[in-house]
Amino acid sequence: VEIPGGLDPDTGQGVASHHWHQGAAAAEVRVDEETGKIEVARLHAAIYAGRVVNRAGAELQNEGSMIMGLGTALYEAIEVADGQVTNANLSDYAVPAFADLPERLTHELVEREGADIHGLGETALPPVPAAIGNALGSLGLHLTDLPMSPEAVLAAVDERDGVRA
Amino acid sequence: VRLRLHVNGAEREVEARTDEMLLGVLRRELGLLSVRETCGIGVCGACTVLVDGAPISGCLLLAAAAEGHELVTVEGLDGGDPVLGAFEEAHAFQCGYCTPGMVLAAKALLAESPSPSEAEIRESLSGNLCRCGCYVKIAEAVRSAAA
């Protein structure tokens with residue numbers, strides 16, 4: 001099989017990948033508008049997986065992507081003050097733990113007969129923050145920065161309700 | 001100081017500073033490398049050790065305070081251990097870094113609650129972080145080890 005693509009070693013230019021990966025996610029979210037706390041009740045993602053050769057690995061890749069996406073969406077940010085990282089340990093840089101999981105987390109590997117084998121990568125990650133953000137959008141809360149912290153939620157509530165800070 | 005530690009079923013003599021934590025002593029003196037230093041402040045669970053059956057962060061327990069207690073790391077588990085088997089069966093890991101701590105935390109949970117609810121599993125294992133996000137399959141492993 002001839003694989004198109006590849007970068008010219010001299011110029012560094014070329015077709016980086018000829019695979020297109022499609023991923024989508026949906027989230028059901030509860031928001032406490034008094035505290036700004038977001039709870040993701042259900043999270044589902046589906047990705048195009050081509051031909052799956054390692055079922056368990058593919059599922060782990062998807063589940064891990066979604067959980068990492070949850071971290072990106074709600075918790076993870078590197079804080080910097082005066083050129084120094086101020087949250088350089090796991091006490092302040094919050095990685096999702098078991099207790100942060102949605103009540104239901106489900107996903108789907110969309111396969112196609114005769115398709116190529118290709119790396120799944122973290123295709124299920126990027127749509128997760130967007131799905132959660134859109135769920136908030138359905139409540140009139142428009143957050144455009146990550147992570148969507150409780151403070152940012154409260155600011156969005158004030159903005160929606162026309163309250164001046 | 002010279003300490004006598006009871007580790008994985010055997011009495012071991014080790015040399016440790018008085019201010020040294022159990023984590024470093026297990027690794028340096030006994031070569032128990034499944035006990036891993038990550039955060040060093042007791043929030044990640046990678047250095048989990050069973051102390052009289054309870055999951056304890058090795059980075060927070062003074063080595064000297066571990067004398068007289070029964071210590072268990074995954075090196076001390078039987079090859080046919082049902083929790084180890086369940087983790088393998090469920091593919092409950094990607095990189096495997098958090099796995100020893102997860103296995104020990106799961107063993108402690110199952111010893112206390114032989115058929116834990118989903119909520120119990122989530123709460124009991126929340127002190128062990130997994131950057132790969134293998135929680136779905138880890139919970140599956142714990143459920144199947146319980147059954």
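Quick note: numbers below take in every heavy atom, side chains included, and nothing from hydrogens, waters or symmetry partners. Naming: A, B, ... by sequence-line order, numbering from 1 per chain. The structure displayed is predicted, hence computed values, not measured ones.
- Using a 4.5 Å cut-off between heavy atoms, Leu90(A) contacts chain B through both its backbone and its side chain.
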Tell me, with the steps shown, if Thr86(A) and Glu79(A) meet side chain to side chain donor-acceptor pair (under 3.5 Å). CA-CA 6 Å; Thr86(A) 58; Glu79(A) 315 275 354; 5.5 Å; no
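- In this structure, chain A has a heavy atom under 4.5 Å from the backbone of Cys132(B), while its side chain stays farther away.
- Using a 4.5 Å cut-off between heavy atoms, Glu76(A) contacts chain B through its side chain alone, with no backbone atom that close.
- Interface residue Leu125(B): backbone and side-chain heavy atoms are both found under 4.5 Å from chain A.
- When the shell of 6.0 Å around CD of Glu15(B) is examined, it contains more than 12 heavy atoms from other residues, nucleotides or ligands.
- Per-residue heavy-atom pair counts under 4.5 Å with chain A were compared for Asn128(B), Val43(B), Ile121(B), and the maximum is reached by Val43(B).
- Listed options Asp100(A), Asn89(A), Leu105(A) were ranked by heavy-atom pairs under 4.5 angstrom with chain B; first place goes to Asn89(A).
- Both the backbone and the side chain of Ala139(B) come within less than 4.5 Å of a heavy atom in chain A.
- Interface remark: Glu103(A) contributes backbone atoms only to the contact with chain B (heavy atom separation under 4.5 Å).
- Under a cutoff of 6.0 Å and an axis angle of 45°, Arg131(B) and Tyr97(B) do not form a cation-pi pair.
- Side-chain atoms of Tyr48(A) and Arg112(A) form a donor-acceptor pair, as typed in the model, at a separation below 3.5 Å.
- The environment of CZ in Arg51(A) is sparse: at most 12 heavy-atom neighbours from other residues, nucleotides or ligands sit within 6.0 Å.
- Your options are Gly64(A), Gly57(A), Ala99(A), Ala97(A), and the one with the most heavy-atom pairs under 4.5 Å with chain B is Ala97(A).
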Start with the C-alpha gap between Glu20(B) and Arg28(B), add the side-chain angles, then the distance that decides, and say whether salt bridge (Lys or Arg N to Asp or Glu O under 4.0 Å) holds. CA-CA 11 Å; Glu20(B) 209 172 356; Arg28(B) 185 193 63 238; 2.5 Å; yes
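- Heavy atoms from other residues, nucleotides or ligands lying under 6.0 Å from CD of Glu34(A) number 12 at most.
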